[in-house]
Each structure stands twice: as C-alpha cells, then as structure tokens.
Amino acid sequence: MRICEATSYRIKELCEQKKLSGYALSYQAGMPESTYKSIVKGKSKNPGIVNINKIAEGLGITIREFYNSDIFDNLEPDDE
C-alpha cells in the first residue's frame, strides 16, 4: 500500500471510530474541507505533517496515536 493510501484509510478508519463526518473533522481540525477531501481522496500525495497533525488534533488524538497502526508497516513510496 502506498503512503497516501494508508493515510487516507487511517483517517477514514478514525472518523468511523469517532463517528465524525469529513465535514465535522475538517471543521474541528481548522482546515478547509477541500484540503481534507484532497487528502482523503488521495489527490494530495504529500499532505504534510502540519495537516496530519491538525487532523489528529481534530480527532482528539496525538500524531503518535494517528500513526500507531499496522497499516503503516511495509509501505511503498508514493510516485512523484
């Protein structure tokens, strides 16, 4: 699995666990919904650590908790 796919999957997984819509998460994260959608749909190949941190904060977790998933094991690099 590529990095952007794993990131998207993890965001969706956590939203489901927290019972949050994408709109609610983008609001709580303080980011435009278009940025959130770009990351989740895989259009943003490198969402940046700042945006991932905002998403983690919007979910009420730390960035360490965000990346604490087996899905991030054995990733393939994203193509540039």
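The structure displayed is predicted, hence computed values, not measured ones.
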Donor-acceptor check, side chain of Ser38 to backbone of Ser34, threshold 3.5 angstrom: yes or no? no

Is it true that a side-chain atom of Glu65 and a backbone atom of Thr62 form a donor plus acceptor pair closer than 3.5 Å? yes

For Asn74, look at atom CG and say whether over 12 heavy atoms of other residues, nucleotides or ligands are found less than 6.0 Å away. no

Look at atom OH of Tyr23 and say whether more than 12 heavy atoms of other residues, nucleotides or ligands are closer to it than 6.0 Å. no

After noting the C-alpha distance and the side-chain angles of Leu59 and Gln17, does the key distance pass the side-chain contact (heavy atoms from CB on, under 4.5 Å) rule? CA-CA 10 Å; Leu59 290 162; Gln17 287 175 8; over 6 Å; no

How long is the straight-line distance from CD1 of Ile11 back to OH of Tyr36, given to the nearest 0.5 Å? 6.5 Å

When rounded to the nearest 0.5 angstrom, what distance separates CG in Leu75 from CE in Met1? 8.0 Å

What closest approach, in Å, do [X] and [Y] show between heavy atoms, and which atom pair accounts for it?
X	Y	answer
Ile39	Ser8	O-CB, 4.0 Å
Leu25	Gly58	CD1-C, 3.6 Å
Phe66	Phe72	O-CE1, 3.7 Å
Lys18	Ile61	NZ-CG2, 3.9 Å
Asn68	Arg10	O-NH2, 3.6 Å
Cys4	Ser44	CB-O, 4.2 Å

Would Asn51 and Lys54 count as a side-chain contact (heavy atoms from CB on, under 4.5 Å) here? Give the steps. CA-CA 5 Å; Asn51 283 329; Lys54 285 181 181 181; 4.2 Å; yes

Which residues share a salt bridge (Lys or Arg N to Asp or Glu O under 4.0 Å) with Glu57, sequence neighbours left out: none

Would you kindly confirm whether Ile55 and Tyr9 end up in one hydrophobic cluster when ILVMFWY residues are joined by side chain heavy atoms under 4.5 Å apart? yes

